[in-house]
Amino acid sequence: MTQANDYETDEAENIQAPPRRGLFRRRAAPLLPEAGAAGAPLTAVMSFLAVLAMASLLMVNRATSEWTSALRSEITVQVKGASPADIESGVDAVLRVLNETDGVLEAKEKSREETAELLDPWLGEGNAAAFLTIPAIIEVKAAPALRDNLDLLRNRLTTAAPGATLDDHARWHDRLSGAARSGQAMAFGVFLLVMGAACAISIFASRAGLAANHEIVSVLHLVGATDGFIAAEVQRRFFILGLRGALIGLVAALAALVLAGLAVRAGGAADNFLPSLRLGGWMILWLAAAPTATCLVTALTARLTVLKTLSKQY
């Protein structure tokens, strides 16, 4: 009886407890160590730069759309004269012509004070109104059909008021559009450079990782692992590291953009020249696409690099 109990005790001691499940389950170690893999800090820097480049592109697009839409829909009539009485009579004649013209949606004369404020940055505050006979400015909103052919309206205005000149802002529109296209091309070029740098980093890091884990890769080949399986493991590691870096870079870039927007508003430049930065829902989605693209490009490049390297070695 004693021997039987001893046998049962030995058998019970030899029985191992089943592995714990749920929250206490032990995590599986990665098949390939992180040696040679692109770390999250470097990926975060690339994502940070990609988000800034994308933000610049979106800001230029928005500012160009706002500025050119106003130039396309409005024309300006300037009425000059030797005295305020001549200017006033010329304004009345111009307004009569504009009100009788088909395609004129609205014609509004700027006050003398508003016109003088336009000259304050060049002549000093209050000097224009005190010493000069300021021409009158009439802002006209025109339909597209009228804007496409302004020669007839220009001749009628000149006949009604010899001191009247019409400006369709075509020169400013062309110069603004050209500058906007240059800015867009520059921002997109920076974004492409960031993507190219991410690819280069991924290539060198993948090769370094394979070199550092050459023994493990050889053992995997001996037990029957295919090149696709090993490349998938490397791609998964790069994707996880890239995702961490992408999130860090996105948060840092959004914080930098918010601070930059606050600084521009505090300096008063947003109302005068620089485009305003408003982080709306759609803009955040576009900005989130930049680090996502960086992460995917890094992982895909790592996979292709591993497949090409293994095909030459084995």
Under the side chain to side chain contact (heavy atoms under 4.5 Å, CB included) rule, collect the residues that match up with [X], sequence neighbours excluded.
X    : value
S56  : A187
L58  : M54, M283, W286, L287
I87  : V91, T133, A136
T101 : V97, V104, L146, L153, R156

Any residue meeting side chain to side chain donor-acceptor pair (under 3.5 Å) with [X], in chain and number order, not counting sequence neighbours:
X    : answer
D151 : R154
Q235 : R303
T76  : H169
Q78  : none

Flag yes if [X] and [Y] sit in one hydrophobic cluster, no otherwise; membership is Ile, Leu, Val, Met, Phe, Trp, Tyr, and two members link when side-chain heavy atoms are under 4.5 Å apart.
X    : Y    : value
L257 : V194 : yes
V306 : F229 : yes
L247 : I240 : no
V297 : F239 : no
L150 : I138 : yes

Kindly indicate whether the side chain of [X], heavy atoms from C-beta on, has any atom under 4.5 Å from the side chain of [Y].
X    : Y    : answer
P291 : V51  : yes
T301 : C199 : yes
I201 : T298 : no
R207 : T305 : yes

Closest non-hydrogen atom pair between [X] and [Y], with its separation:
X    : Y    : answer
M195 : T294 : CE-OG1, 2.8 Å
A290 : A50  : CB-O, 3.7 Å
A164 : V94  : CB-CG2, 3.9 Å
S206 : F238 : OG-CZ, 3.6 Å
G242 : C295 : C-SG, 3.6 Å
A107 : L98  : CB-CD1, 3.9 Å

For the atom pair [atom1] ([X]) and [atom2] ([Y]), what is the distance rounded to the nearest 0.5 Å?
X    : Y    : atom1 : atom2 : value
K110 : I134 : NZ    : CD1   : 12.5 Å
N155 : L157 : CG    : CG    : 9.0 Å
E109 : L95  : CD    : CG    : 6.5 Å
E233 : I216 : CD    : CD1   : 11.5 Å
Q184 : M59  : CD    : CE    : 13.0 Å

Selection residues 75-91 - residue pairs positive for salt bridge (Lys or Arg N to Asp or Glu O under 4.0 Å), sequence neighbours left out: none

With sequence neighbours excluded, residues passing salt bridge (charged side-chain N to carboxylate O under 4.0 Å, His left out) with D102: none

All salt bridge (charged side-chain N to carboxylate O under 4.0 Å, His left out) counterparts of E114, not counting sequence neighbours: none

Cluster companions of L300 among Ile, Leu, Val, Met, Phe, Trp, Tyr (side-chain spacing under 4.5 Å): L304

